[in-house]
**Student:** 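This is the structure I have questions about; it appears just below.
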Amino acid sequence: MYRERRAALRGAVLWASVSAGGAGRVLPDGCLDLLWSSRSGLVVAGPDRTAYRSASAPGERWLGLRLPPGTGPAVFGVPADELRDRRVPLDALWGRLAAEVAERLGDRPTGAALEAVVAARLAAAGGPDPLGARVAALLAAGATVAATAAEVGLGPRALHRRSQDLFGYGPKTLARILRMRRALALARTGLGLAEVAARSGYADQAHLTRDVRELAGVPPAALLRR
């Protein structure tokens with residue numbers, strides 16, 4: 001069982017699930033998540049470059065807050081690239097504060113309580129770096145890396161460095177990930193893959209299939225059957 005909804009924090013998604021056991025596939029999205037598990041407690045999911053293969057015990061309960069791209073570093077207090085392709089216990093980042101948060105949340109935390117933790121951290125940090133939202137929005141809309149750099153007033157090297165801090169990888173990787181997600185969303189509307197490839201900026205359907213396989217570990221058809 002899995003369900004999700006928009007969170008109060010702009011651009012964030014609150015989700016909950018009860019595992020049937022076994023492994024799952026989490027596609028990369030340029031985001032960091034604050035997770036609570038009935039087995040593992042509070043965990044931070046870093047930004048993945050390729051699909052993450054998750055494993056849960058039967059009946060394990062999960063609650064997660066998926067932060068919009070570029071927001072995680074202000075919440076967790078470390079650059080995103082330090083968490084890339086990792087799942088890290090929250091106490092490794094917050095120390096004793098994580099234990100206090102866990103005690104406050106209890107053994108059946110609510111989505112509102114998880115959002116309140118994140119909101120307090122963001123307020124203390126003065127909010128997320130606004131560059132993250134600007135860069136992610138431009139790349140998600142299909143802008144090139146060069147055009148994005150020009151629009152935000154940074155040189156290519158500076159944009160790459162800031163993107164590593166904000167998203168966990170450079171703008172080219174983020175652009176590939178966001179293009180894949182845009183393509184999959186189009187495909188789920190019923191469009192054929194050739195049309196999806198053309199609309200999403202791929203050279204052709206073969207390019208789309210190759211890119212999705214590299215990022216997700218399976219071809220588009222396997223994801224669309226889910």
**Student:** Run the side chain to side chain contact (heavy atoms under 4.5 Å, CB included) test on Glu195 and Gln205 for me, step by step, so that the C-alpha distance in whole Å, both residues' side-chain angles and the decisive distance to 0.1 Å come before the verdict.
**Tutor:** CA-CA 8 Å; Glu195 179 69 14; Gln205 184 176 336; over 6 Å; no
**Student:** Can Trp62 and Ser56 be counted as having a side-chain donor-acceptor contact under 3.5 angstrom?
**Tutor:**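 Short answer, yes.
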**Student:** When Thr148 is tested against each of Leu139, Leu154, Leu174 for side-chain contact (heavy atoms from CB on, under 4.5 Å), which residue passes?
**Tutor:** Leu139
**Student:** To the closest 0.5 Å, what do you measure between CZ (Arg199) and CG (Leu208)?
**Tutor:**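 Reported to 0.5 Å precision, the distance equals 13.5 Å.
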**Student:** Could you state whether Val101 and Leu32 fall into the same hydrophobic cluster, counting links through intermediate Ile, Leu, Val, Met, Phe, Trp or Tyr residues with side-chain heavy atoms under 4.5 angstrom apart?
**Tutor:** yes
**Student:** Would you call Arg5-Glu115 a salt bridge at under 4.0 Å N-O?
**Tutor:** yes
**Student:** To the nearest 0.5 Å, how far apart are CG in Leu9 and OG1 in Thr71?
**Tutor:** 6.5 Å
**Student:** CZ of Arg87 to OG of Ser54: how many Å apart, nearest 0.5 Å?
**Tutor:** 8.0 Å
**Student:** Rounded to the nearest 0.5 Å, how far does OH of Tyr52 lie from CG of Leu27?
**Tutor:** 14.0 Å
**Student:** Could you go step by step and tell me if Asp33 and Val13 meet the side chain to side chain contact (heavy atoms under 4.5 Å, CB included) rule?
**Tutor:** CA-CA 9 Å; Asp33 291 49; Val13 173; over 6 Å; no
**Student:** Could you tell me whether the side chains of Ser37 and Glu60 share a donor-acceptor contact shorter than 3.5 Å?
**Tutor:**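 Distance-only check passes for Ser37 and Glu60.
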**Student:** Please determine whether the number of non-hydrogen atoms from other residues, nucleotides or ligands lying under 6.0 Å from atom CZ of Arg6 exceeds 12.
**Tutor:**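 At most 12 heavy atoms, drawn from other residues, nucleotides or ligands, come within 6.0 Å of this atom.
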**Student:** Of Arg157, Gln164, Arg162, which meets side-chain hydrogen bond (donor to acceptor under 3.5 Å, both in side chains) against His160?
**Tutor:**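 With His160 as partner, Arg157, Gln164, Arg162 yield a single side-chain hydrogen bond (donor to acceptor under 3.5 Å, both in side chains), made by Gln164.
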**Student:** Hey, can you tell me if Trp94 and Phe76 have their rings parallel, tilted or perpendicular (30° and 60° cut-offs)?
**Tutor:** tilted
**Student:** State whether Glu100 and Arg96 are salt-bridged, where the test is any N-O pair (Lys NZ or Arg NE/NH1/NH2 against Asp/Glu carboxylate O) under 4.0 Å.
**Tutor:**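 Between Arg96 and Glu100 there is no salt bridge, as every charged N stays at least 4.0 Å from the carboxylate O atoms.
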**Student:** So, Asp48 and Arg84, do they make that salt bridge, N to O below 4.0 Å?
**Tutor:**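 Result for this pair is no, no salt bridge flagged.
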**Student:** About how many Å separate CZ of Arg66 and CG of Leu35, when rounded to the nearest 0.5 Å?
**Tutor:**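 Reported value, rounded in 0.5 Å steps: 9.5 Å.
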